[in-house]
Peer 1: 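My structure is below; once you've seen it, I'll send some questions.
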Amino acid sequence: MAIAPFAELERSPEHVHTYRLTPLGLWNARAAGHDAESVVDSLIKYSRYPVPHALLVDVAETMDRYGRLQLINDPSHGLVLRGLDKIVLIEVAKSKKLAGMLGARIDDETITVHASERGRLKQALLKLGWPAEDLAGYVDGEAHAISLAEDGWKLRSYQQEAVDGFWAGGSGVVVLPCGAGKTLVGAAAMAVASATTLILVTNTVAGRQWKRELVARTSLTEDEIGEYSGERKEIRPVTIATYQVLTSRRGGAFTHLDLFGARDWGLVIYDEVHLLPAPIFRFTADLQARRRLGLTATLVREDGREGDVFSLIGPKRYDAPWKDIEAQGWIAPAECIEVRVTLTDAERMTYAVTEAEERYRVAATARTKLPVIRALVEKHPDEQVLVIGAYIDQLHQLGEFLDAPVLQGSTTNKERERLFDAFRSGELRTLVISKVGNFSIDLPEAAVAIQVSGTFGSRQEEAQRLGRVLRPKADGRQAHFYTVVSRDTIDTEYAAHRQRFLAEQGYAYTIVDADDVLGPPLPKID
DNA sequence: CAGCTGGAAA
DNA sequence: GCATATTCCAGCTG
């Protein structure tokens with residue numbers, strides 16, 4: 001999708017896709033190396049209707065705003081804000097939002113900046129609509145030899161491009177699909193930096209996965225890598241910490257902030273940067289002199305803090321559309337199908353009289369979905385099937401109906417392992433999972449996923465769930481991703497919202513009726 | 001220190 | 001713009 005690098009999909013009924021152009025999207029595209037000309041060309045090429053000239057001008061002008069101000073390191077004055085455009089510099093300098101961040105004016109294109117305000121200044125400038133390009137450089141940090149292992153594997157070309165893009169930009173975000181090897185991009189960035197590294201991850205399982213991967217793919221050994229979590233507090237040349245331990249506090253005060261100063265880190269890696277908790281943004285504002293790499297599959301947040309990712313971690317430095325990676329054979333092709341079921345009159349009545357807060361639950365967990373889901377499972381008798389939902393009650397109904405075990409948050413690790421093993425070996429064909437599937441990365445791969453309910457309209461969740469079936473299949477066959485939704489309810493609306501991100505990536509959802517899945521009704525015998 | 005429980009967060 | 005499930009940390013117990 002040529003539009004995806006700079007625009008967000010708004011609606012995508014049948015053939016016309018409506019995109020929303022946002023300044024941030026355009027600036028991210030600019031930082032990732034797309035110029036205004038290529039954006040304008042794509043707009044003209046793919047637009048359903050002639051593109052208004054004013055819009056094209058607006059696109060070009062907006063993109064041009066990024067970088068008119070630069071943060072640089074002046075040999076005699078230290079950190080300064082430089083205006084390639086003097087007027088813009090004057091305009092922003094008198095803004096109250098910048099009060100206390102700027103120092104003395106050196107000349108008509110240069111103003112000194114308090115070094116401690118580097119991050120907050122970028123945040124403020126972005127909000128003013130004049131995002132600064134940060135060219136002020138980085139401290140090297142404490143050197144630590146790290147190299148990629150050389151035993152019969154190589155970085156894939158897109159991984160190499162991602163590392164190069166990141167390193168050239170200095171700091172920022174790399175966007176790659178689930179299963180495309182983001183950890184290796186991190187490892188390669190560490191090798192380039194060859195410095196002590198702090199890796200921030202969402203949970204301990206992810207942290208251990210990082211450690212395993214680093215030991216396998218780099219020169220690092222077990223004891224050079226520390227785990228800093230609730231369980232252990234190791235600080236080593238490479239330290240993997242959970243976001244939660246850093247954001248935990250006692251009596252309102254953060255208790256583990258020292259970790260940031262515990263070593264002279266040369267690189268900070270933010271895994272799953274789309275999940276970055278609010279306090280981490282604040283700490284990161286003070287880490288602007290350290291190189292920062294953000295990794296994610298979906299640079300969308302439902303809370304609108306993309307701007308903070310842009311200013312504090314850095315702009316998008318690289319992204320590969322999912323379909324490009326698919327074309328290269330690194331992820332399996334997938335067919336996405338939305339199956340619409342018609343509620344029974346009784347269910348429709350219940351829905352109609354339900355309060356707004358409860359409506360999604362009622363629609364998403366309708367019993368009418370059960371036989372449809374079973375028919376979908378039976379449609380793929382030789383495949384491993386994951387049934388994924390958000391409501392525990394519904395999942396247990398399904399477990400019974402499909403005669404399949406249910407894996408949820410309260411399932412013990414021991415039991416999870418047992419189920420995962422059985423599923424991997426093929427002994428167990430169908431597994432029903434709750435939102436644990438959104439987090440646990442050790443979840444086995446499947447060829448078919450059936451989504452029965454979700455977290456309202458989370459695009460991020462949809463992408464994660466599709467990711468579960470994208471590992472390339474041995475014989476190159478395609479994966480299947482089904483979403484079962486209740487017609488004429490809010491379930492359909494949320495489904496449409498969830499699908500946006502993947503639709504941007506070029507995945508086309510086919511909408512079918514539940515009756516097509518169930519087959520013709522049996523003739524009545526009387 | 002293993003296991004349990006409550007609270008917080010996104 | 002919601003309400004749910006999950007996860008992790010920290011504090012307590014024996």
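Labels below follow one simple rule: chain letters A, B, ... track the order of the sequence lines, proteins then strands, and each chain is numbered from 1.
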Peer 1: Rounded to whole Å, how long is the line connecting atom CG of A:N438 with atom C1' of C:dA5?
Peer 2: 9 Å
Peer 1: Under 4.0 Å: is that the gap between some side-chain N or O of A:T455 and OP1 or OP2 of C:dA5?
Peer 2: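 No, A:T455 has no side-chain N/O under 4.0 Å of OP1/OP2 on C:dA5.
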Peer 1: Between C:dT4, C:dT6, C:dA10, which nucleotide has the shortest distance from any of its atoms to the side chain of A:S434?
Peer 2: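 Per side-chain heavy atoms of A:S434, the pick is C:dT6.
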Peer 1: Identify the heavy atoms of A:T247 and A:F254 that sit nearest to each other, and give their distance.
Peer 2: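 Closest heavy-atom pair between A:T247 and A:F254: O-CE2, 3.4 Å.
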Peer 1: Counting side-chain heavy atoms from CB outward, which of C:dA10, C:dT7, C:dT4 is closest to A:Y391?
Peer 2: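 Taking heavy atoms from C-beta onward, the closest nucleotide is C:dT4.
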Peer 1: Does A:S248 make a side-chain N or O approach to OP1 or OP2 of C:dA10 shorter than 4.0 Å?
Peer 2: yes
Peer 1: Tell me, please, whether A:F481 has A:R465 positioned over its six-membered ring: NZ or CZ under 6.0 Å from the ring centre and within 45 degrees of its axis?
Peer 2: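 Negative - A:R465 is either too far from the ring of A:F481 or too far off its axis.
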Peer 1: Give the rounded distance in Å between these two atoms: CD1 of A:I433 and P of C:dT6.
Peer 2: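 A:I433 atom CD1 is separated from C:dT6 atom P by 11 Å.
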Peer 1: Describe the nucleic acid contact of A:S410 in one word from base, sugar-phosphate, nothing, applying a heavy-atom distance below 4.0 Å.
Peer 2: nothing
Peer 1: Could you tell me whether the phosphate oxygens of C:dC8, OP1 or OP2, come under 4.0 Å of any side-chain nitrogen or oxygen in A:R232?
Peer 2: no
Peer 1: Whole Å only: how far is the CD1 atom of A:I490 from the P atom of C:dA3?
Peer 2: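 Taking atom P of C:dA3 as the reference, CD1 of A:I490 is at 11 Å.
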Peer 1: Return the OG1 to CG distance between A:T365 and A:D491, rounded to the nearest 0.5 Å.
Peer 2: 9.0 Å
Peer 1: Applying a 4.0 Å non-hydrogen cut-off, can you work out what A:E302 is touching in the nucleic acid: base, sugar-phosphate, or nothing?
Peer 2: nothing
Peer 1: Summarise protein proximity over nucleotides 2-10 of chain B in one line of letters, 5' to 3': B for base, S for sugar-phosphate only, - for none, counting protein heavy atoms closer than 4.0 Å.
Peer 2: -------SS
Peer 1: Send over the distance from A:Y360 OH to C:dC2 P, rounded to a whole Å.
Peer 2: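 After rounding, the reported distance stands at 16 Å.
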Peer 1: Between P on C:dA10 and CG on A:L246, what's the gap in Å once rounded to a whole number?
Peer 2: 10 Å
Peer 1: Counting side-chain heavy atoms from C-beta on, which of C:dC9, C:dA5, C:dA10 comes nearest to A:T242?
Peer 2: C:dC9
Peer 1: Hey, is A:E355 close enough to A:R359 for a salt bridge, meaning N to O under 4.0 Å?
Peer 2: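 The answer is no: the pair does not qualify as a salt bridge.
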Peer 1: Under 4.0 Å between a Lys/Arg side-chain N and an Asp/Glu carboxylate O for A:E272 and A:K182?
Peer 2: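 Salt bridge absent between A:E272 and A:K182.
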Peer 1: Apply side-chain hydrogen bond (donor to acceptor under 3.5 Å, both in side chains) to A:Q408 and list each qualifying residue two or more places apart in sequence or on a separate chain.
Peer 2: A:H396, A:S410
Peer 1: Between C:dC8 atom P and A:E231 atom CD, what is the distance in whole Å?
Peer 2: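 The distance from CD of A:E231 to P of C:dC8 comes to 9 Å, rounded to the nearest Å.
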Peer 1: What integer distance in Å separates A:E461:CD from C:dA5:C1'?
Peer 2: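 After rounding, the gap between these two atoms is 10 Å.
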Peer 1: Is the phosphate of C:dC8 approached by A:T204 (side-chain N or O, under 4.0 Å from OP1 or OP2)?
Peer 2: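 For C:dC8, OP1/OP2 do have a side-chain N/O of A:T204 under 4.0 Å.
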Peer 1: Could you say whether A:T255 or A:Q408 is positioned toward the 5' end of DNA chain C, judged by the nucleotide with the nearest heavy atom to each?
Peer 2: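 First, find each residue's nearest nucleotide; the 5'-ward one identifies A:Q408.
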Peer 1: Between A:H396 and C:dA5, does any side-chain N or O lie under 4.0 Å from OP1 or OP2?
Peer 2: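 So the side-chain polar atoms of A:H396 never come under 4.0 Å of the phosphate oxygens OP1 or OP2 of C:dA5.
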Peer 1: With sequence neighbours excluded, what pairs up with A:H497 under the ring pair (Phe, Tyr, Trp, His ring centres under 6.0 Å) test?
Peer 2: none
Peer 1: Quick one: which of C:dA10, C:dT6, C:dA5 gets closest to the side chain of A:V436?
Peer 2: C:dT6
Peer 1: Which whole-number value in Å describes the distance from A:K435 NZ to C:dT7 P?
Peer 2: 11 Å
Peer 1: Between A:E231 and A:T204, does any side-chain donor sit less than 3.5 Å from a side-chain acceptor?
Peer 2: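 No pair is found: no donor N or O on one side chain lies under 3.5 Å from an acceptor on the other.
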